[in-house]
Amino acid sequence: MPHVSAASSFVLRARDLVKSYADRTVLAGVSLTASPGQRIGLVGENGVGKSTLLRILAGAEDPDSGELARPDDLGFLHQEPPFTPGTTLAAALDEALAEHRAAQARLAELADALGEAPADPGILAAYGEVLDWAQQHDTWNADHRAEVVLDGLGLGGITGDRRIGTLSGGQRSRLGLAVLLLRRPRALLLDEPTNHLDESALTFLQQHLAALPGAVVLASHDRVFLDAVCTDILDLDPAVDGPTRYGGTFTDYLAAKRAERARWEQRYTAEQNELAALRHAVDVTARQVSHHGMRRDNAKMAYDYSGGRVQKQISRRVRNAQQRLDDLTTAQVHEPPSPLRFAAPLTGRETTTDVVLQIREAGVRGRVWIDELDVTGTDRLLITGGNGAGKSTLLHLAAGRLAPDTGTVQRRHDLRVGLLEQDVTFAAPGKSPRQIYATPHRLDLRELGLLAQADLDRPVGALSVGQRRRLALALLLADPPQVLFLDEPTNHLSLTLVGELEDALHAAPGAIVVASHDRWLRRRWNGPTLNLHDGRRA
């Protein structure tokens, strides 16, 4: 069991954490220190242990080894907030503010005690301790902050007597986040806090976190959020010296990461070249002595004498080369792992500018209705809108997965379409990606750059959500469609692979229709945009 103690000058510290599961090691020697005011973003490929690290930091899971130091005053955003369905919103807020109200009541009690015994050192110490806590947690402003936080997270219109079991999943998640923000713990741990937040709520959360006095450690795929909030980035992907911490914003991290990768590759190449030269020196060069030419008889004595010196020099050179070879063999950096590189066209090569998809006054009752939409064979269209705006329904309608209740959806008779859905399931979870993909005349699955070699033979049921979505995309690209519909394509993808996919969006010759709330993608989109609100064109 690891050693756990209370934090002192720092707020949160982990040293050499190791965590393994039955089939693999997730964390190997991970260290982290967070001080007041620091906001550390965890990034890395899916499966590198971001959520596992947060659970261990929170005490929800034990590491196999390592040391932990954390405060008692710690908050952890659970994926499903721990509220009973019958709890009211008012009761949940009362629980969140209970520490603040208890502090105010305790201060009033101690103030009365000081009135009777103003010089009592014990009472003075207790009063000072509670007062410090109250000031650090902005206790006297707690009720006002509750109103601000609820409004900022889009919960301000919900009455206090509303039972939590009647809230949507997104509302419950936002309420869980609101409760943590109201508590203002010294250390705040957040796993994908931007899920279920619209643009205004995201902006509010960014500003609120930036103003917190405590430490924040978070994992997020929202690149704009990371850029706006984080003071440091901890990259859990493989590196020369293990997980690497970068100071600055996410944009700063991207530049430093590229430079660090280049240095790693250069060092590896230089060391391998030196190792090859040293092996050659030990085996060949250090043992070569030129004995060419005839020796005169009267030179024999001199030759024997000098030959002995030469042999000593050779032995010394061999020993020196062998020592350097041994040292470098032990200390050499391992080869940089090949990152996933998206290496396939997203669509077929047909580049007609004619209309291939036409929607007229069509919709699905209660979900979406579109007056008019034309898509040509080369179009790029981005569909935006808040949660529940109808983005996914419109994609399913356009792709032919849903029939319209009203109006018409017409596709060219020979048009090949593909749809990457948000929720991907496979009928045979025991089969591996290689087995599912194994069909003649397809691109080699390894060459697509969507799945790591180690994952090709694992059961799909054991893969992460992101890995299953990548397999689904690979199946689509094996016979690239002429029109590709992508529903939140950057969800559950590593930040590196997201960049590769975005490049492919621009390079694809066919038509692509993307539904996304990804602000980084949206800010860099240079094509037309269709914004939906309540199922209609906004």
Side-chain angles (χ1 to χ4, degrees), residues 16 18 20 23-31 43-45 47-49 233-246 253-293 295 303-344 434 443-458 494-497 499-500 503:
D16 294 329
V18 175
S20 297
D23 59 340
R24 62 195 179 102
T25 297
V26 179
L27 300 175
V30 174
S31 298
V43 302
E45 177 61 74
V48 297
I233 300 290
L234 178 62
D235 189 347
L236 297 178
D237 277 339
V240 176
D241 300 313
T244 305
R245 182 163 172 169
Y246 299 85
Y253 152 76
L254 289 177
K257 173 75 170 179
R258 286 191 294 268
E260 188 271 339
R261 172 77 187 198
R263 288 192 297 270
W264 187 3
E265 292 173 347
Q266 292 167 1
R267 178 178 169 184
Y268 175 77
T269 299
E271 287 184 352
Q272 294 306 304
N273 290 339
E274 185 177 358
L275 284 168
L278 287 169
R279 293 186 187 104
H280 183 74
V282 169
D283 294 339
V284 181
T285 307
R287 303 182 187 279
Q288 289 179 338
V289 181
S290 177
H291 296 301
H292 302 299
R295 294 192 301 275
Y303 174 78
D304 289 341
Y305 175 72
S306 63
R309 288 190 300 172
V310 169
Q311 291 303 320
K312 290 180 181 179
Q313 291 174 355
I314 292 173
S315 297
R316 184 167 59 252
R317 288 164 60 189
V318 171
R319 286 197 304 273
N320 291 343
Q322 185 65 58
Q323 183 62 50
R324 173 59 182 157
L325 177 61
D326 292 343
D327 292 343
L328 186 56
T329 300
T330 301
Q332 65 177 311
V333 299
H334 58 275
E335 182 177 5
S338 299
L340 289 176
R341 296 291 187 191
F342 188 77
R434 200 191 302 270
L443 295 170
D444 191 317
L445 180 57
R446 294 171 299 179
E447 296 175 358
L448 289 175
L450 287 167
L451 288 171
Q453 180 72 28
D455 296 320
L456 296 182
D457 296 306
R458 296 176 63 202
S494 70
L495 298 173
T496 299
L497 199 58
E500 300 279 346
D503 290 341

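The structure displayed is predicted, hence computed values, not measured ones.
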* **Sidechain-backbone polar pair: Glu271 side chain, Val333 backbone, donor-acceptor under 3.5 Å** => yes
* Under a 4.0 Å N-O cut-off, is there an ion pair linking Asp455 with Arg458? -> yes
* Going from CG on Asn320 to CG on Leu325, what distance comes out if it is rounded to the nearest 0.5 angstrom? -> 12.5 Å
* Asked: Would a distance-only check, ignoring hydrogens and angles, find a side-chain to backbone donor-acceptor pair under 3.5 Å from Gln332 to Thr329?
  -> yes
* Roughly how far, to the nearest 0.5 Å, is the CD atom of Gln323 from the CZ atom of Arg319? -> 10.5 Å
* Measure the shortest side-chain to side-chain distance between Leu445 and Leu456 over non-hydrogen atoms and say whether it is less than 4.5 angstrom. => yes
* To do: Measure the CG-CD distance between Leu278 and Gln322 for me, rounded to the nearest 0.5 Å.
  => 9.0 Å
* Is there a donor-acceptor pair under 3.5 Å between the side chain of Trp264 and the backbone N or O of His334? -> yes
* **Smallest separation among heavy atoms of Ser20 and Thr25, with atom names** => OG-OG1, 3.0 Å
* How far apart are the closest heavy atoms of Ser31 and Asp16, and which atoms are they? -> OG-N, 2.9 Å
* Say you draw a straight line from CD of Gln272 to CD of Glu335; how long is it, rounded to the nearest 0.5 Å? -> 7.5 Å
* How long is the span from the CG atom in Leu236 to the CG atom in Leu27, to the nearest 0.5 Å? -> 7.0 Å
* **Validation row: Val48, Asp237 side chains within 4.5 angstrom (heavy atoms)** => yes
* Test side chain to side chain donor-acceptor pair (under 3.5 Å) on Tyr253 and Asp235 and set out the steps. => CA-CA 9 Å; Tyr253 152 76; Asp235 189 347; 2.8 Å; yes
* When rounded to the nearest 0.5 angstrom, what distance separates NE2 in His280 from CG in Leu275? -> 14.5 Å
